[in-house]
Amino acid sequence: MLDYFCRTRMFCVTIAALILSTAAWAQNSSAPPPAAVSPQPPAEPTRADLLRGAYGPLRANNDLLSYHLDIRVDPERKFISGKNTIRFKMLQDGSRIQLDLNEALKIDKIQLGTADLKYERDSGAVFVDFPEALRSGRVYAIDFYYSGNPVESGRFGSITFRKDSSGHAWINTACEELGASVWWPNKDQWRDEVENMEISVAIPNDLVDVSNGKFVGKTDLGDGYTRWDWLVQYPINNYDVSLNIGNYQHFSDQLGKLPLDFYALPEDLDKARKQFAQAKGMLEAYQHYFGEYPFEKDGYKLIQVPYSGMEHQSAVTYGNHFANGYLERDWTGVGISPRFDFIIIHESGHEWFGNSLSAADRSDMWIHEGWTTYLESLYVEYRWGKADALKYTNGYRAKVKNERPIISERGRNATPPPDQYFKGTLFLNTLRSVVDDDARWWKLIHDFYQHFKYNEQTGMNLTPIFDQYLRHPAIPALELDFSKADGTMAYRWRADEAAFAMPVRIGSQDHWQIIQPTTQWQTMKTPITKDAMEVATDLYYVNVAKK
Ligand SMILES: [Zn+2]
């Protein structure tokens with residue numbers, strides 16, 4: 001299905017105009033980088049980046065309908081072979097389409113029916129040629145056969161062939177950064193998603209595969225291998241498609257009608273039973289704010305893996321040491337993070353922001369990460385109240401660099417800087433303070449998620465505020481100029497956006513007053529002196545300059 005701005009059709013229309021005000025809008029690594037990362041200036045895009053990142057005419061001429069990925073995984077040889085059946089509808093007449101497969105993998109053949117198709121490879125892109133033009137409006141299915149040894153690379157390895165401590169094979173995928181075409185052929189971009197997907201994985205009989213969607217069944221193939229079949233009944237991003245092959249033990253639970261399935265290695269089963277109990281409270285909190293879990297028919301799964309974690313749709317992967325905090329640290333440094341398991345709370349939050357609602361281009365990845373980081377604070381607020389949530393969120397200030405805009409250049413397959421997480425949540429907290437009415441804020445973010453009715457709901461022009469926080473490195477500075485002689489104070493915003501205007505609370509903790517500064521000087525009488533004047537910087541992510 002062709003999603004212009006996000007993952008499921010019902011969520012897709014006007015938010016673009018809104019949240020990402022101008023032309024651009026629909027990237028990896030689910031969990032924020034755990035160590036301080038100094039953002040690199042964006043490198044000039046390579047030809048491969050542009051082929052992968054752009055939604056060019058040979059992608060735009062078709063709309064994905066479904067995939068059936070049907071593969072065999074040989075743990076000893078670290079070898080994958082099989083095919084992906086790709087169904088799509090043509091949107092224009094055309095005789096060529098662009099798909100993607102990493103250069104390390106071999107194309108065995110690509111067929112339409114029984115006819116072999118010609119193709120041309122250019123870095124990671126595969127241009128498939130049809131002997132005659134495919135017709136607009138018609139549905140076609142091609143079988144893309146491939147094989148080889150996929151290459152481990154990137155933060156989580158993309159696809160890794162490991163062994164657990166008892167010597168069983170342990171094979172996992174987490175490929176948001178490099179893209180799913182690092183291990184299987186697909187139309188590897190963010191904008192267009194299939195409406196559903198079958199995943200069939202043949203593995204040695206003694207192993208278990210946990211992939212996305214609903215478990216359909218397993219079939220003994222009689223040659224030492226068993227095929228595990230999974231059915232994804234919702235649109236899904238390519239990078240969310242996941243293999244988790246290992247000596248997994250399974251236990252289950254239920255939240256209302258929603259099946260909860262948990263998978264851990266035998267030696268960690270007791271720890272998993274204890275730690276994974278946090279999933280229920282997480283689901284309750286997010287359902288409270290945003291409505292029901294978006295993939296009910298597929299269920300919710302939490303699966304132990306050897307890396308920190310990833311938001312694989314309906315199959316969230318977990319490697320946070322069965323301990324609270326993030327990799328055993330107090331993540332925002334203010335004493336709140338040790339109360340909960342960061343990976344369960346963060347990665348699962350992506351089911352709402354990232355998986356069901358998603359960006360169409362990596363440049364807008366803050367919609368996944370800024371929002372999900374904000375969801376962490378909503379979880380804290382739901383469990384422990386607003387004061388703790390504010391404290392938790394403001395703990396992120398120390399991680400913000402303000403060196404590059406959160407929204408990066410479109411069409412380049414580039415990951416925005418880590419500010420997308422930290423500044424993203426501080427921005428949303430600021431927006432809540434701008435709205436300044438919690439009942440309205442809860443309705444707004446609920447409706448934003450459900451129907452994208454942002455503008456109508458606030459009745460404010462928030463575009464310059466979004467643009468300042470998302471498209472410029474600097475945050476707004478409130479300039480306050482005191483004149484002792486006549487008891488007045490001049491005030492204005494210093495911002496890159498000329499039309500920037502945002503209300504803000506000033507005065508003192510026990511008596512805030514809301515003023516409406518713009519980028520033009522205004523003057524007010526005040527009995528408060530320069531030294532005593534406070535600004536509610538826990539509610540608004542701004543700098544203050546007094547003179
Ligand atoms: Zn994330």
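Just so you know, ligand 1 is whichever comes first in the structure, and atom 1 is the first atom listed for that ligand. Here the structure is a predicted model, which means the values were calculated and not measured. Residues: numbered from 1 along the sequence shown.
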- Please say whether the positively charged group of Lys399, taken as NZ for Lys or CZ for Arg, lies over the ring of Trp331, i.e. under 6.0 angstrom from the six-membered ring centre and within 45 degrees of the axis. yes
- Glu369, N/O/S atom nearest the Zn ion (ligand 1): OE1
- Query: Regarding Asn355 and Glu311, is there a side-chain donor-to-acceptor distance under 3.5 Å anywhere?
  - Reply: no
- Query: Can Asp298 and Gln233 be counted as having a side-chain donor-acceptor contact under 3.5 angstrom?
  - Reply: yes
- Query: Is the Zn ion (ligand 1) less than 2.8 Å from an N/O/S atom of His368, whether that atom is in the backbone or a side chain?
  - Reply: no
- Message: When you compare the side chains of Tyr318 and Ser308, does any donor N or O come within less than 3.5 Å of an acceptor on the partner?
- Response: no
- Of the backbone and side-chain N, O or S atoms of Glu311, does one lie nearer to the Zn ion (ligand 1) than 2.8 Å? no
